[in-house]
Each structure stands twice: as structure tokens, then as C-alpha cells.
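Both backbone and side-chain heavy atoms feed into the values below; hydrogens, waters and symmetry mates do not. Numbers here simply count residues along the sequence, with the first being 1.
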Amino acid sequence: MIAFVSGPVAALAPTTAVVEVGGIGMAVQCTPNTIAGLRIGQVARLATSLVVREDSLTLYGFADDDERQVFELLQTASGVGPRLAQAMLGVHSPDALRLAVSTGDEKTLTAVPGIGKKGAQKLLLELKDKLGQPLGTGGLVGAQRAAAGPAPWTEQLSAALVGLGYASREAEEAVAAVTPQAEAALAAGEAAPVPQLLRAALQTLNRAR
């Protein structure tokens with residue numbers, strides 16, 4: 001198993017980072033949150049999980065070992081493959097997922113694209129004794145931080161676009177362009193779908209160019 005990759009970032013895409021390791025470019029599938037923390041030319045260290053299929057070998061990358069562990073534990077639930085597990089981590093932090101499972105919070109899980117109410121109920125049942133309690137310290141404060149999950153979607157999206165090489169002003173304009181889409185999701189009681197918003201923002205930028 002490839003536990004991690006470390007080296008200069010050679011290329012970035014909305015869901016993929018290419019890290020140069022010993023002269024070889026390793027394509028690593030990452031969430032927008034992880035991509036946002038990378039910069040081309042800078043050395044990065046990503047915890048990784050190798051998913052082996054009959055026709056493919058796919059390397060998934062994470063900001064730290066905790067994310068990787070949760071990614072692998074999520075897949076022990078029936079019907080959860082690597083793509084859905086990564087989507088869950090793209091919307092919520094590991095501690096937010098632990099908190100949701102430990103408190104039976106269906107709404108948090110249904111905020112993930114691809115998970116409906118019945119699916120959320122099934123996941124809560126199957127993952128109840130697997131993820132454990134949130135790791136955040138400080139009792140209620142820790143729980144509140146876990147529930148908050150990642151940074152606000154505008155900051156995530158802007159950082160991801162800058163990481164992909166766009167200027168700050170371009171990133172701000174793209175974020176403004178997709179704001180109605182995000183607000184519609186929030187009004188419906190859902191989390192802002194950062195991966196979809198990133199794709200929409202990139203389409204806006206490509207049209208502008």
C-alpha cells in the first residue's frame with residue numbers, strides 16, 4: 001500500500017493533483033478542500049489510499065492521516081465506494097462526520113450529493129460503532145467546531161481557484177457568479193456543494209477567456 005506521497009506539485013485540476021515522486025508524476029484524486037491547500041511547484045505531503053480494481057489503480061489523497069482513516073472506514077458501510085466516501089469528506093470534515101454519526105444527524109449526511117434520507121439512515125446504523133467520537137477538544141466547543149466542518153464555501157472555492165493558477169480577482173468574480181447556486185442550496189437546508197460550484201466557476205472563467 002502507498003501510505004503517502006511527498007514531492008513538488010507538478011499540476012493541479014479540480015479533483016486531481018500530480019505530485020512528482022522520484023521523477024514520476026503520481027496522479028492523486030483529492031477533494032477541493034485538499035486541492036485548495038496545494039500550490040504548483042511547492043512540496044506537498046499527502047496521505048494516500050490506493051484503491052485497486054480489475055481495470056484500474058486509483059490513488060486517493062488527503063490532507064492528513066485522519067482523513068484517510070475516515071475515508072477507509074466509510075467504505076466499510078454497504079453501498080459506499082471510494083467516490084462517495086471522498087464526496088462525504090469533500091462536504092464535511094472527519095469530526096463533522098463523527099459528530100453526525102454519533103448523534104444520528106441525518107441532515108448532515110443528506111447534504112452530501114448522492115445520499116438520500118434512506119441512505120443516510122442506513123449509514124448512521126452501519127457506521128455507529130466505527131467512526132468513534134469527534135476528536136476535537138473542549139466539550140461543546142469542540143462539537144460546535146466539528147459541526148461547522150470546513151471553512152465557509154466562498155473561502156474554499158476562492159482558495160481552490162487560486163491554487164489552480166487563477167488571479168485573486170478572477171477567483172472573486174467566479175465566486176460571485178456561482179453565488180446564486182450556492183444560496184439556493186443553503187436556502188433548501190443543504191450544504192453548499194463545493195465540488196459542483198468549483199466546476200461551475202471554472203466554466204465561467206473559461207467562457208471569460
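With rounding to the nearest 0.5 angstrom, the CD atom of Gln75 is 10.5 Å from the CE atom of Met88. Within the model, atoms CG of Leu109 and NE2 of His92 stand 6.5 Å from one another, a figure rounded to the nearest 0.5 Å. Taken to the nearest 0.5 Å, the CZ atom of Arg83 stands 8.5 Å off from the CD atom of Gln86. In this structure, CG on Leu89 lies 6.0 Å from CG on Leu74, to the nearest 0.5 angstrom. Rounded to the nearest 0.5 angstrom, Leu197 CG and Leu202 CG are separated by 11.0 Å. From Leu127, atom CG reaches atom CG of Leu97 across 9.0 Å, with rounding to the nearest 0.5 Å.
With hydrophobic clusters built from ILVMFWY side chains whose heavy atoms lie under 4.5 angstrom apart, Leu57 does not share a cluster with Val18. Residues Leu73 and Phe4 are members of separate hydrophobic clusters, defined by side-chain heavy-atom contacts under 4.5 angstrom among Ile, Leu, Val, Met, Phe, Trp and Tyr.
Contact detail for Leu84 and Gly79: the closest heavy-atom pair is CD2-O, 4.0 Å. Between Glu126 and Ala77 the shortest heavy-atom distance is OE1-CA, 3.2 Å. Taking both residues in full, the closest heavy atoms of Ala17 and Leu12 are given as CB-CD2, 3.8 Å, listed atom of the first, atom of the second, then distance. Closest approach of Pro32 to Leu198, counting heavy atoms only: CB-CD2, 4.2 Å. In plain terms, the two heavy atoms of Ala111 and Val91 that are nearest each other are O-CG1, 4.3 Å.
Using a 4.5 Å cut-off on side-chain heavy atoms (C-beta onward), Ile2 and Ser49 make no contact. Side-chain atoms of Glu173 and Ser168, non-hydrogen and from C-beta on, never get closer than 4.5 Å to each other.
For residues 59-68, the pairs satisfying salt bridge (Lys or Arg N to Asp or Glu O under 4.0 Å) are Asp65-Arg68, Asp66-Arg98, with sequence neighbours left out. Listed by first and then second residue, the ring pair (Phe, Tyr, Trp, His ring centres under 6.0 Å) pairs that reach into residues 43-63 are Tyr60-Phe71, Phe62-Phe71, sequence neighbours excluded. The list of ring pair (Phe, Tyr, Trp, His ring centres under 6.0 Å) pairs with a residue in residues 19-42, not counting sequence neighbours, is empty. The side-chain hydrogen bond (donor to acceptor under 3.5 Å, both in side chains) contacts involving residues 1-21 comprise Thr16-Gln29, where partners must be two or more places apart or lie in separate chains.
In this structure a side-chain-to-backbone donor-acceptor pair under 3.5 Å is present from Glu170 to Ala167.
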Listed pairs under 3.5 Å, donor-acceptor, residues 34-46 side chains, sequence neighbours left out:
residue, atom, partner, partner atom, Å
Thr34, OG1, Thr31, OG1, 3.3
Arg39, NH1, Ala36, O, 2.9

Throw together a table of side-chain donor-acceptor distances under 3.5 angstrom for residues 115-125, partners on residues two or more places apart or in other chains.
residue, atom, partner, partner atom, Å
Gln121, NE2, Glu106, OE2, 3.2
Lys122, NZ, Ser78, OG, 3.3

Checklist entry - Stepwise, does the side-chain contact (heavy atoms from CB on, under 4.5 Å) test hold for Leu50 with Thr58? => result CA-CA 6 Å; Leu50 180 63; Thr58 306; 6.0 Å; no
